[in-house]
There are 2 protein chains.
Amino acid sequence: MPDRLSVIFSALADPTRRAILARLADSEATVNELAEPFDISLPAISRHLKVLENAGLISRSRSAQWRSSRLEAAPLREATAWMERYRRYWDDNLDRLDAHLKRIQEDDQ
Amino acid sequence: MPDRLSVIFSALADPTRRAILARLADSEATVNELAEPFDISLPAISRHLKVLENAGLISRSRSAQWRSSRLEAAPLREATAWMERYRRYWDDNLDRLDAHLKRIQEDDQ
DNA sequence: CCAGTATTTAACGCCTCGGTTAATTAACGG
DNA sequence: CCGTTAATTAACCGAGGCGTTAAATACTGG
């Protein structure tokens, strides 16, 4: 079985799943409600939801015959935490800090 | 052809590729150098690099018979920008802010 | 219990992914 | 030019992803 980050990133790699997450940012929703905007079959949506659940990106509850999905953003924190290590490579402010630190280091020598 | 975010996220979904990026955070490196820590074949590494390049996560330059890879973090900024929309769902401070705003809204009514 | 609605599971097809080995290309250096 | 080293491409394979339709399951309400 793959590591958590791989599971999270591959869950996010599908545009339908990202759209589902975006929809869930508004409110909880049932499978049928989530399926409505897409022209793919219900079973396909059902599996996307399983992938998202497996990645911890949604949780689900049952009420009568409806299964409601709810956004769980914690895995996104993990993913951003991983990317955070690279922020210095794209953040202008940190670039400047970096240059500053290099200058200081040169001064030391 | 898939959208940029999908390409980026699926590039990040492989642990070997994430390890390569981590290695490149230190310094540029040749294909052989990048392959060294892994016990998979050189062609496999070569394809991982192609995937990373395709996602814009590395750039490559040739010097003699060596092809050097260099980290390009800009796509990570795009990816975090996408996740940023969900920060309110996991950030404690923003949770509190959210609760605060809700209280204010209730007061208004 | 039965009919109806919501959702999942099963079984299938197609395509991509990640690995392999063998062959090819690119560039250097004697 | 030839041998060597670096890297990629070609051809193949097995596993898994994402879609389908058909069948099964879960639950409600009369």
Side-chain angles (χ1 to χ4, degrees), chain A residues 1-24 27-71 75, chain B residues 1-24 27-71 75:
Chain A
M1 53 212 64
D3 57 291
R4 273 191 70 68
L5 270 179
S6 296
V7 171
I8 296 168
F9 281 130
S10 43
L12 296 176
D14 184 278
T16 302
R17 288 195 289 265
R18 289 199 306 279
I20 288 175
L21 292 179
R23 164 66 186 78
L24 290 176
S27 69
E28 302 194 10
T30 66
V31 180
N32 264 297
E33 288 167 348
L34 291 173
E36 194 272 325
F38 308 101
D39 64 343
I40 63 180
S41 68
L42 222 51
I45 297 291
S46 186
R47 289 220 227 141
H48 280 309
L49 292 176
K50 179 156 287 184
V51 172
L52 290 171
E53 184 177 28
N54 198 34
L57 285 161
I58 64 171
S59 61
R60 313 174 80 185
S61 60
R62 184 184 278 287
S63 151
Q65 67 265 59
W66 295 279
R67 302 203 63 187
S68 189
S69 295
R70 176 192 157 88
L71 180 65
Chain B
M1 51 211 67
D3 58 292
R4 271 191 70 68
L5 270 180
S6 295
V7 171
I8 295 168
F9 280 129
S10 44
L12 296 176
D14 185 277
T16 302
R17 288 195 288 266
R18 289 199 305 279
I20 289 176
L21 292 180
R23 164 67 185 78
L24 290 176
S27 68
E28 302 194 9
T30 66
V31 179
N32 265 296
E33 288 166 348
L34 291 173
E36 195 272 326
F38 308 101
D39 64 343
I40 63 180
S41 67
L42 220 51
I45 298 291
S46 188
R47 289 220 226 147
H48 280 308
L49 293 176
K50 179 156 287 186
V51 172
L52 290 171
E53 185 177 28
N54 198 33
L57 285 160
I58 63 171
S59 61
R60 314 173 80 185
S61 60
R62 184 184 279 286
S63 151
Q65 67 264 59
W66 295 279
R67 301 203 63 185
S68 190
S69 295
R70 177 192 158 87
L71 180 64

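Excluded from the calculations below are hydrogen atoms, water molecules and symmetry mates; all remaining heavy atoms, backbone and side chain alike, are included. Remember, predicted model here, so these are calculated numbers, not experimental data. In the text below, chain A, chain B and the rest are named by the order of the sequence lines, each starting its count at 1.
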Min and max contacting nt of DNA chain D in 5' to 3' order, chain A heavy atoms within under 4.0 angstrom, are dC18(D) to dT28(D)
Less than 4.5 Å apart, any side-chain heavy atom of H48(A) and any of L34(A)? no
Using the rule side chain to side chain donor-acceptor pair (under 3.5 Å), only one of E33(A), R60(A), E28(A) pairs with S68(A); which is it?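 That would be E28(A); it is the only one of E33(A), R60(A), E28(A) passing the side chain to side chain donor-acceptor pair (under 3.5 Å) with S68(A).
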Contact list please: residues 47-62 of chain B against DNA chain C, heavy atoms, distance less than 4.0 Å, in numerical order.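 Correct list: R47(B), H48(B), R62(B).
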Heavy-atom donor-acceptor pair, R17(B) side chain to L12(B) backbone, under 3.5 Å: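 No, the answer is negative, given that no donor and acceptor are paired below the 3.5 Å cut-off.
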Is the backbone N or O of A13(B) less than 3.5 Å from a side-chain atom of S6(A), with the two atoms forming a donor-acceptor pair by type? yes
For [X] and [Y], which heavy atoms make the closest approach, and how far apart are they?
X      : Y      : value
S69(B) : L24(B) : O-CD2, 3.4 Å
I45(A) : F38(A) : CD1-CD1, 3.9 Å
L57(B) : L21(B) : O-CD2, 4.0 Å
A11(B) : A55(B) : CB-CB, 3.8 Å
R23(B) : A29(B) : NH2-CB, 3.4 Å

Could you check whether T30(B) gets within reach of a base, just the sugar-phosphate, or nothing at all, counting any heavy atom under 4.0 Å?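 Touches sugar-phosphate only.
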For DNA chain D, which residues in residues 38-46 of chain B have a heavy atom at a distance below 4.0 Å?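 Those residues whose heavy atoms fall under 4.0 Å from DNA chain D, taken from residues 38-46 of chain B in numerical order, are P43(B), S46(B).
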Spatial distance of atom CD1 (I58(A)) from atom CG (L49(A)) [nearest 0.5 Å]: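 Nearest 0.5 Å value for the CD1-CG distance: 4.5 Å.
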Rounded off to whole Å, could you give me the CG-to-C1' distance for the D14(B) and dT16(C) pair?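 My rounded result for the distance is 14 Å.
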In whole angstroms, how far is the C1' atom of dC28(C) from the CG atom of N32(B)? 15 Å
